[in-house]
Structure formats: C-alpha cells, structure tokens
Amino acid sequence: MKLYDMELSGNCYKVRLLCALLELAYESAPVDLGQGENKTAAFLQLNPRGQLPVLDDGGTVIWDSSAILLYLARRYGGECWLPLDAIAMAEVMQWLSLSQNEILYGLARARAAKKFNRPWDIEQSQALGKQGLRVLEQRLSGHLWLAGERATIADIACYPYVGLAPEGGIALDAYPSVRAWLKRVENLPGYIAMPGIGTA
C-alpha cells in the first residue's frame with residue numbers, strides 16, 4: 001500500500017490517522033506541491049484532479065480523502081469504522097459532508113490563507129468555519145461521537161481541521177464539547193499526531 005502524502009495536509013493526515021488506528025502498514029510517497037509535483041503527467045495519471053491524498057492499494061488507486069476513508073474502513077475495518085446499517089451509515093455520511101463543506105471551505109481555507117498565504121478570504125472562511133463548529137458543538141454537547149455511540153470515520157474526517165482551527169485564527173474556547181471530543185480522538189488506541197495538532 002502506498003500513500004501519496006504531504007505532512008502538513010490535514011486531508012492526508014486523515015488517511016495516516018485511520019491507517020494507524022487500523023494498524024495498516026503503508027509506504028509514504030511525499031509529494032511536493034510547492035514544486036508542482038502534483039501537476040506532473042505521472043501524478044495526473046493517479047489523480048486527474050491533481051490533489052492529495054492518493055492511495056494505491058496493490059493497484060487499486062483511490063483519490064480524495066473521504067473516498068479513501070470509506071475504502072479503508074470497508075476493506076479493513078469491518079463495521080467498526082463504517083457501519084452497514086442504513087441509518088448509521090447515513091449519519092456517518094452527514095458528517096463527511098460537513099467535513100467537505102463548512103470544515104474544508106471554512107476552517108481549512110482559513111488555515112491555508114494564514115499559514116500558507118493561499119488566496120482565500122480569511123474572514124469569510126472563518127465565518128463559515130464557525131458555522132461548522134456550532135453544528136459540531138450542538139451534536140457533541142449530548143454525544144461522545146459524531147455518528148452513533150463509537151468513533152467512526154465521521155470523527156476521523158472532521159478531526160484534523162477542527163484541531164488545526166487555531167492556525168486559521170479560530171479559537172476553540174467557545175466550543176467546550178468540541179475540545180473534549182478532540183481529546184477523545186487523541187486517546188484512541190493507535191492515535192498519531194501531526195504538526196500543530198494532538199501531542200505533536
């Protein structure tokens with residue numbers, strides 16, 4: 001198994017984290033976005049969108065962090081990380097949607113603008129990110145996990161950029177349930193950190 005990866009990418013970290021929790025070994029293949037390695041012909045054969053992460057599992061190539069989480073959970077995690085029950089699966093998908101909307105276009109873009117000088121509107125991104133945090137806080141004020149009664153890929157999908165929110169100028173002080181949830185994720189057996197989040 002090979003993961004095309006970038007250390008500071010929250011989306012790549014989602015995959016690294018799930019692999020660690022599932023005790024899956026993989027070869028890391030760092031891709032330098034600054035040097036345009038994600039736009040080479042060879043890389044575009046793997047992912048025509050030119051984005052990270054990309055997973056090559058013995059010739060099965062999956063791109064997009066949510067798609068990779070789904071693949072790994074279903075192939076290697078039984079029902080632990082992605083339940084088969086229709087209602088439970090739908091609950092997981094709701095939070096994957098949040099991770100690809102308010103969290104990505106809000107929290108992640110605010111971080112990218114501040115940390116990497118990406119051309120996003122910081123205030124607009126922060127406002128959207130705070131909307132997502134309010135949704136998370138509402139859910140987590142009465143539940144330990146985002147979907148069901150145990151950790152799932154819903155938590156893994158949302159965790160990185162929430163934990164990295166302060167790098168985008170968004171303090172988490174007003175979200176006590178979210179902060180407690182971050183600690184629960186960090187206490188999962190096999191948890192690994194990344195720069196700026198967890199125990200790193």
Side-chain angles (χ1 to χ4, degrees), residues 5-6 8-18 33 38 47-55 62-74 81-83 86-148 151-182 184-185 194 196-197:
D5 193 12
M6 186 179 80
L8 295 179
S9 164
N11 282 328
C12 292
Y13 170 58
K14 296 174 189 180
V15 179
R16 296 197 304 269
L17 178 55
L18 184 58
L33 302 187
N38 57 314
N47 181 1
R49 296 176 72 197
Q51 298 176 353
L52 294 171
V54 176
L55 182 74
I62 312 288
W63 45 261
D64 179 80
S65 60
S66 290
I68 295 171
L69 293 180
L70 286 166
Y71 171 80
L72 292 174
R74 179 56 63 238
W81 293 96
L82 180 60
I87 294 174
M89 188 181 292
E91 289 180 357
V92 170
M93 296 305 298
Q94 288 175 157
W95 297 105
L96 292 184
S97 180
L98 185 86
S99 77
Q100 295 291 346
N101 288 279
E102 289 90 340
I103 291 177
L104 175 63
Y105 295 116
L107 302 180
R109 280 195 172 182
R111 173 179 178 256
K114 288 184 73 72
K115 191 175 179 73
F116 304 112
N117 296 312
R118 295 293 298 276
W120 312 124
D121 184 315
I122 293 179
E123 290 186 2
Q124 185 179 50
S125 298
Q126 290 173 334
L128 183 59
K130 289 175 182 177
Q131 288 181 24
L133 287 170
R134 287 193 292 271
V135 174
L136 289 167
E137 181 69 19
Q138 180 180 6
R139 164 68 184 184
L140 292 166
S141 65
H143 299 83
L144 294 177
W145 304 103
L146 292 179
T152 66
I153 59 170
D155 302 284
I156 305 307
C158 293
Y159 169 79
Y161 287 118
V162 173
L164 293 165
E167 292 190 353
I170 302 171
L172 296 175
D173 298 0
Y175 310 99
S177 299
V178 169
R179 295 198 314 273
W181 165 75
L182 291 173
R184 284 193 292 277
V185 174
M194 74 167 279
I197 189 172

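As a basis for the values below, the full set of heavy atoms in this structure was taken, side chains included, without hydrogen atoms, waters or symmetry mates.
The salt bridge (Lys or Arg N to Asp or Glu O under 4.0 Å) analysis of residues 94-108, with sequence neighbours excluded, yields no pairs. Legend: side chain to side chain donor-acceptor pair (under 3.5 Å) pairs involving residues 116-139, not counting sequence neighbours, sorted by first then second residue: Glu137-Ser177, Arg139-His143.
Partners of Ile62 under the side-chain contact (heavy atoms from CB on, under 4.5 Å) rule, at least two apart in sequence or in another chain, are Thr60, Ala67, Ile68, Tyr71. Qualifying salt bridge (charged side-chain N to carboxylate O under 4.0 Å, His left out) partners for Arg16, counting only residues two or more places apart in sequence or in other chains: Asp5. By the salt bridge (charged side-chain N to carboxylate O under 4.0 Å, His left out) test, Glu167 pairs with Arg111, Lys115, sequence neighbours left out.
Between Ala110 and Ile170, the shortest heavy-atom distance links the atoms CB-CD1, 4.4 Å.
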Which atom pairs, one a donor and one an acceptor, fall under 3.5 Å between side chains of residues 88-99 and the rest of the protein, sequence neighbours left out?
from	atom 1	to	atom 2	distance (Å)
Glu91	OE1	Gly148	N	3.4
Trp95	NE1	Leu146	O	2.9
Ser97	OG	Asn101	ND2	3.4
Ser99	OG	Leu96	O	2.6

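Within the 4.5 Å cutoff, no side-chain heavy atoms of Arg74 are placed close to those of Ile153. Side-chain atoms of Gln51 and Asp64, non-hydrogen and from C-beta on, never get closer than 4.5 Å to each other. Side chains of Leu107 and Leu164 form no contact here, defined as non-hydrogen atoms less than 4.5 Å apart.
Between Tyr159 and Tyr13, the ring planes lie tilted relative to each other; the angle falls in the 30° to 60° range.
When each of Asn11, Leu70, Ile156 is checked for a side chain to side chain contact (heavy atoms under 4.5 Å, CB included) with Ser65, only Asn11 meets the rule.
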